[in-house]
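Counting begins at 1 with the first residue of the sequence.
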Amino acid sequence: QVQLVESGGGPVQAGDSLRLSCALSGGLFSLYGMAWFRQAPGKEREFVAAISRSASTTYYADSVKARFTISRENAKNTVYLQMNSLKPEDTAGYYCAARKWAAASEMSTMHPGNTWGQGTQVTVSS
């Protein structure tokens with residue numbers, strides 16, 4: 001059974017950077033499309049970024065484009081989210097998602113076939 005564990009969240013100041021990690025176990029990582037979502041209190045979970053199995057294709061929400069970078073290391077079974085120039089509105093729980101054989105373009109939705117991690121909290125103060 002595939003499991004995802006996120007890490008790297010915490011409290012930061014506006015303008016700071018943070019890198020989140022998500023480690024996959026129980027499956028062959030290179031077969032999984034990967035994505036990051038986030039959920040702020042009282043709001044629905046929203047797409048942040050996605051990456052293809054080979055890392056050749058990435059997609060971003062408009063709100064984070066040019067500030068966030070998604071990457072993956074298949075040898076380490078890990079996907080990353082580098083977050084720069086953080087803003088208070090980036091405050092949310094950040095969740096990693098995985099789906100076998102999914103293309104990056106397919107990872108931007110709340111698909112019932114997604115496996116989810118438990119989330120890591122990012123709090124950005126002004």
Side-chain angles (χ1 to χ4, degrees):
Q1 183 177 354
V2 171
Q3 292 187 320
L4 301 171
V5 178
E6 301 98 333
S7 61
V12 295
Q13 298 285 326
D16 284 353
S17 297
L18 206 58
R19 188 176 81 156
L20 307 183
S21 300
C22 170
L24 182 149
S25 62
L28 187 56
F29 184 67
S30 61
L31 299 183
Y32 288 82
M34 301 295 298
W36 287 95
F37 287 73
R38 67 186 181 186
Q39 187 167 18
K43 295 188 177 181
E44 293 187 352
R45 192 168 295 190
E46 64 176 6
F47 169 73
V48 175
I51 190 166
S52 63
R53 300 189 300 274
S54 66
S56 60
T57 305
T58 56
Y59 286 97
Y60 295 93
D62 288 343
S63 58
V64 306
K65 206 171 291 184
R67 297 189 298 123
F68 291 11
T69 302
I70 188 171
S71 61
R72 65 189 293 161
E73 281 190 75
N74 285 355
K76 293 187 177 181
N77 293 353
T78 301
V79 62
Y80 305 98
L81 185 68
Q82 177 67 43
M83 305 185 293
N84 299 330
S85 303
L86 282 161
K87 305 176 181 179
E89 51 263 44
D90 294 319
T91 294
Y94 282 72
Y95 297 85
C96 179
R99 192 161 81 249
K100 198 171 184 179
W101 303 116
S105 59
E106 298 172 316
M107 289 301 296
S108 63
T109 60
M110 297 280 290
H111 193 279
N114 286 355
T115 296
W116 297 92
Q118 84 290 348
T120 185
Q121 178 68 31
V122 173
T123 303
V124 185
S125 57
S126 56

- Checking Gln118 side chain against Val5 main chain: does a donor-acceptor pair fall under 3.5 Å? no
- Item | N/O donor-acceptor pair under 3.5 Å between Asn74 side chain and Arg53 backbone | yes
- Message: Side-chain heavy atoms nearer than 4.5 Å, only ILVMFWY residues, links allowed to pass through others: does that put Tyr80 and Tyr60 together?
- Response: no
- Message: Evaluate Ser17 against Met83 for side chain to side chain contact (heavy atoms under 4.5 Å, CB included), listing each step before the verdict.
- Response: CA-CA 5 Å; Ser17 297; Met83 305 185 293; over 6 Å; no
- Message: Please identify which of these residues, Phe37, Tyr95, Trp36, meets the ring-ring contact (aromatic ring centres under 6.0 Å, His included) condition with Phe47.
- Response: Phe37
- Message: If we count only N and O atoms by modelled type, under 3.5 Å, do the side chains of Tyr94 and Gln39 hold a donor and an acceptor together?
- Response: no
- Are Cys96 and Val79 close enough, and set up right, to give a side chain to side chain contact (heavy atoms under 4.5 Å, CB included), and what steps lead you there? CA-CA 8 Å; Cys96 179; Val79 62; 3.8 Å; yes
- Message: Under 4.5 Å between side-chain heavy atoms, counting indirect links through other Ile/Leu/Val/Met/Phe/Trp/Tyr residues: same cluster for Ile70 and Val48 or not?
- Response: yes
- Thr78 (side chain) donor-acceptor with Lys76 (main chain) under 3.5 angstrom: yes
- Task: Quick one: do Trp116 and Arg45 satisfy side chain to side chain contact (heavy atoms under 4.5 Å, CB included)? Show the steps, please.
- Result: CA-CA 12 Å; Trp116 297 92; Arg45 192 168 295 190; 3.3 Å; yes
- Task: Treating Ile, Leu, Val, Met, Phe, Trp and Tyr as nodes and any side-chain heavy-atom pair under 4.5 angstrom as an edge, say whether Val64 and Val122 lie in one connected cluster.
- Result: yes
- Not counting sequence neighbours, which residues clear side chain to side chain donor-acceptor pair (under 3.5 Å) with Arg19? List them please. none
- Message: Main chain of Thr123, side chain of Thr91: is a donor-acceptor contact present, judged purely on distance under 3.5 Å?
- Response: no
- Message: Quick check: closest heavy atoms across Gly8 and Thr120, and the distance to 0.1 Å?
- Response: N-OG1, 4.2 Å
- Message: I need the minimum non-hydrogen distance between Ser126 and Pro88, along with the two atoms involved.
- Response: CB-CG, 3.9 Å
- Message: Between Lys65 and Asp62, does any side-chain N to carboxylate O distance fall below 4.0 Å?
- Response: yes
- Task: Go through the steps for Leu18 and Leu86 under the test side chain to side chain contact (heavy atoms under 4.5 Å, CB included), then give the verdict.
- Result: CA-CA 8 Å; Leu18 206 58; Leu86 282 161; 3.9 Å; yes
- Message: I'd like to check the side chain to side chain donor-acceptor pair (under 3.5 Å) partners of Ser125; sequence neighbours left out, ordered by chain and number.
- Response: Gln13
- Closest non-hydrogen atoms of Ala104 and Thr57, given as atom of the first, atom of the second and distance, are CB-O, 3.8 Å
- Item | Exam field: side chain Arg67 to backbone Ser85, donor-acceptor pair closer than 3.5 Å | yes
- Message: Assigning hydrophobic clusters by single linkage (Ile, Leu, Val, Met, Phe, Trp, Tyr; side-chain heavy-atom cutoff under 4.5 Å), is Val124 placed with Phe68?
- Response: yes
- Is it the case that Arg72 places NZ or CZ above or below the six-membered ring of Phe29, under 6.0 angstrom from the centre and within 45 degrees of the axis? yes
